[in-house]
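What follows is a short report on a single structure.
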Amino acid sequence: MTTTENAAGANLTQLNENLTKVEELSQRLISVMSDRTPLRQELNGPDQELFANAAGAYWTEMLQNPSKVIEMQIDYWSKSVQHFVEAQTLFAQNQINPAQSPPSEDRRFANPMWASNPYFHYLKQQYQLNAEAVEAAVQNAEGLESKEKQRLEYFSKQIIDMMCPTNFLGTNPDALEKAVETDGLSLVQGLENLIADLEANNGELVVRLADEDAFEVGKNIATSPGKVVFRNKMMELVQYASSTETVHEIPLIIFPPWINKFYILDLKEKNSMIKWLVDQGYTVFIVSWINPDRSYADVGMDDYIEDGFLTAIEEVKQLTQQKQVNAVGYCIAGTTLHLTLALMKKRGDKSIKSATFFTALTDFGEQGEFTPFLQNDFIDGIDDEVNEEGLLRSFIMQRTFSFLRSNDLIYGPAIKSYMMGEAPPAFDLLYWNGDGSGLPGRMAHEYLRRLCQANQFVNEGVEFCGETLHVKDVTVPICAVTCETDHIARWKDCYRGFQQTSSRSKTFIVSQSGHIAGIVNPPSKKKYGHYSNADVKLEAEDWMATAQFSEGSWWPRWNKWLSGKSGKKIPSRNPGDSSRPALCDAPGAYVKIKATR
């Protein structure tokens with residue numbers, strides 16, 4: 001027997017051993033899936049009425065305009081048959097002319113075999129034909145309400161993305177090549193990754209996006225020096241140590257969203273907004289929200305306003321001996337900061353000198369990409385979920401957000417982890433993305449029903465804390481920072497609510513990029529620019545058309561605005577005061593609490 005034959009035999013033996021391990025792991029997979037408590041059906045897809053209405057619209061169109069429907073069908077059939085004939089020819093020749101298959105712009109088809117191998121070339125081309133046919137059918141569907149049409153577009157896209165040949169082992173050349181190269185070990189490692197993710201989430205599949213062992217909050221992320229200076233059931237208040245000899249007299253308090261952890265603003269030194277603000281001479285405080293468990297079921301928006309926002313503001317005033325503070329609200333915390341400002345106006349409380357909002361919605365009249373999830377069937381499911389569990393669990397929200405970018409946040413990572421057997425990357429942003437928080441049941445219900453669905457804050461007013469609050473009650477100087485490609489809080493929607501405040505001093509900025517990268521955009525990177533326009537009475541399209549574009553981060557522009565509202569310079573402050581010593585070092589204890597499953 002030759003050396004080559006010996007090597008081939010050894011490889012075959014190793015392959016068979018690895019495939020045997022796959023059989024053993026399959027038993028673990030069966031075990032974890034048998035103990036799984038399925039997520040309620042309402043949270044997995046739309047009410048069947050949507051598809052019934054779509055089918056009804058299709059048949060109505062067929063009866064009223066049969067030529068149009070038949071034309072679409074014949075076009076699809078013709079292209080499919082023509083493609084099949086071309087594929088047969090290519091199979092017979094066993095080669096593809098590069099001119100017939102130019103490189104694909106779709107990253108999923110980057111492997112050269114999609115262009116050079118007749119089998120994979122046929123799969124790719126037919127998938128793309130099928131996708132085009134589905135998209136055309138949805139676009140041409142008539143007789144549906146606008147929101148129904150939008151939901152149909154969303155869910156059909158989910159089906160198209162799910163059925164991509166790269167999502168299946170037998171039709172993914174990268175995964176097949178890796179399996180052969182590793183004698184099947186990649187399949188073993190992939191199955192181990194899959195089972196680990198299922199076991200970590202009680203049988204629910206939540207793809208792990210980052211190496212969780214690579215990061216530790218307070219050790220290599222969220223490391224800006226400071227102290228926890230106050231704590232209650234809702235939040236810890238962190239004060240950061242000064243890095244300058246003098247600071248602005250009026251302190252700055254940041255309210256981050258409580259859907260995720262605050263350290264997105266302090267991931268690492270080179271892109272930490274917190275460190276940058278401290279270095280500009282501000283006394284910076286940030287709220288670290290509790291990660292609620294089921295005992296927080298009855299906590300509502302009132303509690304976040306009273307025991308969160310108002311309490312934190314009062315504590316900062318006392319600690320710094322100031323009558324006013326400047327405040328920042330990010331995302332849902334920006335929405336709630338608006339509510340807080342409206343309440344303070346009703347109460348005659350002038351504690352906030354100015355307010356800045358990062359990607360904050362107040363007018364939910366247009367729901368953008370979240371339209372599919374803000375209809376009654378889905379919200380009814382959430383109501384049932386929170387009534388049963390006491391909270392809206394973090395992984396449900398994480399999954400919902402991920403499906404908005406399913407190829408980047410679900411299928412792509414799943415292919416690498418489960419088919420290729422690769423370990424998740426040591427990427428701090430993705431680690432943060434997976435380190436979510438749940439929402440208390442009552443708070444989730446109030447936010448979704450009163451604000452998102454009923455849009456009460458800009459319509460008749462919304463009742464919280466014993467008052468009817470309206471966006472027009474906001475009168476302090478405001479600055480809103482939005483992001484050009486934000487799919488969570490679209491800049492035009494933020495602008496519409498921003499315009500409805502009664503503030504006389506208004507500044508509006510649109511940063512390039514999205515919900516996170518557009519905000520966490522330090523000047524040192526010189527990566528994304530921003531748009532500004534002093535005329536905030538214009539319609540959104542006109543505002544952007546006449547806006548000035550500036551290279552680089554918006555942070556220095558905001559700093560100029562904020563410093564003008566921050567008073568004179570005084571000697572720097574240390575965290576806490578003599579009467580109330582600090583409770584512990586930053587980033588505190590609450591930020592380390594993991595979400596309830």
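Here the structure is a predicted model, which is why all the values come from computation and not from measurement. Values below: every heavy atom of this structure, side chains too, minus hydrogens, waters and symmetry copies.
Side-chain atoms of E389 and I396, non-hydrogen and from C-beta on, never get closer than 4.5 Å to each other. Counting heavy atoms from C-beta outward, F364 and F370 have side chains that stay 4.5 Å or more apart. Proximity of L391 to P440: side-chain heavy atoms (C-beta onward) are nowhere separated by under 4.5 Å. At least one side-chain heavy atom of Y495 sits less than 4.5 Å from a side-chain heavy atom of L538. I286 has its side chain within reach of Y240: a pair of non-hydrogen atoms, C-beta onward, lies under 4.5 Å apart. Side-chain contact check for T311 versus F230: some heavy-atom pair is nearer than 4.5 Å.
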key: Residue pair Q453, N376: steps toward the side-chain hydrogen bond (donor to acceptor under 3.5 Å, both in side chains) verdict   = CA-CA 9 Å; Q453 278 197 317; N376 279 330; 3.3 Å; yes
inquiry  = I'd like to know whether F508 forms a side-chain contact (heavy atoms from CB on, under 4.5 Å) with Q499, so could you lay out the CA-CA distance, the side-chain angles of the two residues, the decisive distance to 0.1 Å, and finally the verdict.
reply    = CA-CA 10 Å; F508 194 80; Q499 286 183 307; over 6 Å; no
request  = Please step through side-chain hydrogen bond (donor to acceptor under 3.5 Å, both in side chains) for the pair T596 and D293, ending with a clear verdict.
outcome  = CA-CA 6 Å; T596 300; D293 57 25; 5.8 Å; no
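Ion pairing of E369 with R405 is present here, as a side-chain N (NZ or NE/NH1/NH2) and a carboxylate O approach within less than 4.0 Å. Using a 4.0 Å cut-off between charged side-chain N and carboxylate O, E463 and R450 make no salt bridge. A salt bridge links R347 with E306: the distance from a Lys NZ or Arg NE/NH1/NH2 to an Asp or Glu carboxylate oxygen falls below 4.0 Å. Look at K492 and E541 and you find a salt bridge, because one of the NZ, NE, NH1 or NH2 atoms lies within 4.0 Å of a carboxylate O, short of that distance. Here K592 does not pair with D435 in a salt bridge; the nearest charged N to carboxylate O distance is not below 4.0 Å.
For NZ of K569, the number of neighbouring non-hydrogen atoms (other residues, nucleotides, ligands) closer than 6.0 Å is greater than 12. The environment of E269 atom CD is sparse: at most 12 non-hydrogen atoms of other residues, nucleotides or ligands sit within 6.0 angstrom. Around NZ of K565, the count of heavy atoms belonging to other residues, nucleotides or ligands within 6.0 Å exceeds 12. Crowding of E539 atom CD: a count of heavy atoms from other residues, nucleotides or ligands under 6.0 Å not exceeding 12.
In this structure, I274 CD1 and I264 CD1 are separated by 10.5 Å, a value rounded to the nearest 0.5 Å. Taken to the nearest 0.5 Å, the CG atom of L237 stands 5.5 Å off from the CD1 atom of I253. Separating the CD atom in Q324 from the NZ atom in K350 is a distance of 9.0 Å, to the nearest 0.5 Å. Rounded to the nearest 0.5 angstrom, H338 NE2 and D363 CG are separated by 11.0 Å. Rounding to the nearest 0.5 angstrom, the gap separating the NZ atom in K268 from the NZ atom in K275 is 14.5 Å. Separation of atoms CG (N260) and CZ (F401) is listed at 7.5 Å; rounding is to 0.5 Å.
Here the rule is ring pair (Phe, Tyr, Trp, His ring centres under 6.0 Å) with Y154, and of F373, F378, F403 only F373 fits it. A side-chain contact (heavy atoms from CB on, under 4.5 Å) with C331 holds for exactly one of D486, L361, T359; it is T359. For the pairing with W432, the side-chain contact (heavy atoms from CB on, under 4.5 Å) check across I516, L209, I221 returns one residue only, I516.
Under the rule for a ring-ring contact (aromatic ring centres under 6.0 Å, His included), the partners of F358 that lie at least two apart in sequence or sit in another chain are Y330, W554, W558. For T244, the side-chain contact (heavy atoms from CB on, under 4.5 Å) partners are V247, not counting sequence neighbours.
Applying the ring-ring contact (aromatic ring centres under 6.0 Å, His included) rule to pairs touching residues 285-309 yields F255-F309, W258-W289, W258-Y304, W289-Y304, W289-F309, sequence neighbours excluded.
Side-chain atoms of D266 never come within 3.5 Å of backbone atoms of F262 as a donor-acceptor pair (strictly under, hydrogens ignored). Looking only at distances, a side-chain donor or acceptor of S503 sits under 3.5 Å from a matching main-chain atom of V476.
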